[in-house]
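One structure is given here, and the rest of the page talks about it.
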Amino acid sequence: MEKKKILLVSSINAGGRIQVPVGLVYLASNLKRHGYECEVFHVIDPQTLNVCRNKILTNQYLFVGFSFWMGPSALDLLTLAETAKTRSI
């Protein structure tokens, strides 16, 4: 049986600093323990934004979750959320 795939996406904070998304890492660890295939992806620039968009378009995820700070990066992740919504299973 194929594992259920989950993608968790975070971004840089409003100050432009990269921080480890501890909450998402904890969530991913717990999901893996319960049999899910879980990946945490950190969007830090336009290139990683495109890589993430391609992941969403080329994989079939059961769930795509987002964690972000309000600021310029929020708009980028909102467009990714729209992309994920069009790909929902």
Side-chain angles (χ1 to χ4, degrees):
M1 184 171 133
E2 187 177 322
K3 283 192 175 184
K4 298 173 187 167
K5 294 169 73 172
I6 295 177
L7 177 64
L8 301 173
V9 182
S10 70
S11 69
I12 58 175
N13 69 18
R17 293 183 313 210
I18 299 172
Q19 295 178 317
V20 175
V22 176
L24 292 184
V25 172
Y26 174 78
L27 181 60
S29 173
N30 204 358
L31 288 166
K32 285 180 182 179
R33 225 174 309 148
H34 287 87
Y36 292 89
E37 182 181 321
C38 196
E39 180 179 355
V40 177
F41 194 90
H42 201 65
V43 174
I44 58 172
D45 57 25
Q47 182 179 356
T48 56
L49 179 69
N50 287 331
V51 170
C52 189
R53 182 176 291 111
N54 288 335
K55 281 183 158 305
I56 292 169
L57 291 172
T58 59
N59 291 283
Q60 200 162 23
Y61 293 103
L62 175 66
F63 180 82
V64 179
F66 297 91
S67 175
F68 57 91
W69 295 78
M70 292 307 293
S73 65
L75 293 176
D76 291 335
L77 291 190
L78 287 173
T79 62
L80 284 180
E82 299 245 341
T83 301
K85 187 176 178 182
T86 65
R87 295 279 302 154
S88 63
I89 52 176

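We number each residue from 1, following the sequence as shown.
- Looking at heavy atoms from C-beta onward, Thr48 lies in side-chain contact with Phe41 at the 4.5 angstrom threshold.
- The OH atom of Tyr61 sits 10.0 Å away from the CG atom of Leu8 when rounded to the nearest 0.5 Å.
- Taking CZ from Arg33 and SG from Cys38, the interatomic distance works out to 12.0 Å, rounded to the nearest 0.5 Å.
- For the pair Asp45 (side chain) and Gln47 (backbone), a donor-acceptor distance under 3.5 Å is present.
- Separation of atoms CD (Glu37) and CG (Asn59) is listed at 8.5 Å; rounding is to 0.5 Å.
- Of the inter-residue distances, the one linking Leu77 atom CG with Ser11 atom OG reads 4.5 Å to the nearest 0.5 angstrom.
- Heavy-atom minimum distance, Val9 versus Val64: CG2-CG1, 4.4 Å.
- In this structure Leu49 satisfies the side chain to side chain contact (heavy atoms under 4.5 Å, CB included) test together with Val43, Arg53, Asp76, Leu80, sequence neighbours excluded.
- Counting all heavy atoms, side chain and backbone alike, Tyr36 lies closest to Ile6 at CD2-CD1, 3.6 Å.
- In this structure, NZ in Lys4 is found 12.0 Å from NE2 in His34, a value given to the nearest 0.5 Å.
- With values rounded to the nearest 0.5 angstrom, Thr86 atom OG1 is found 6.5 Å from Leu57 atom CG.
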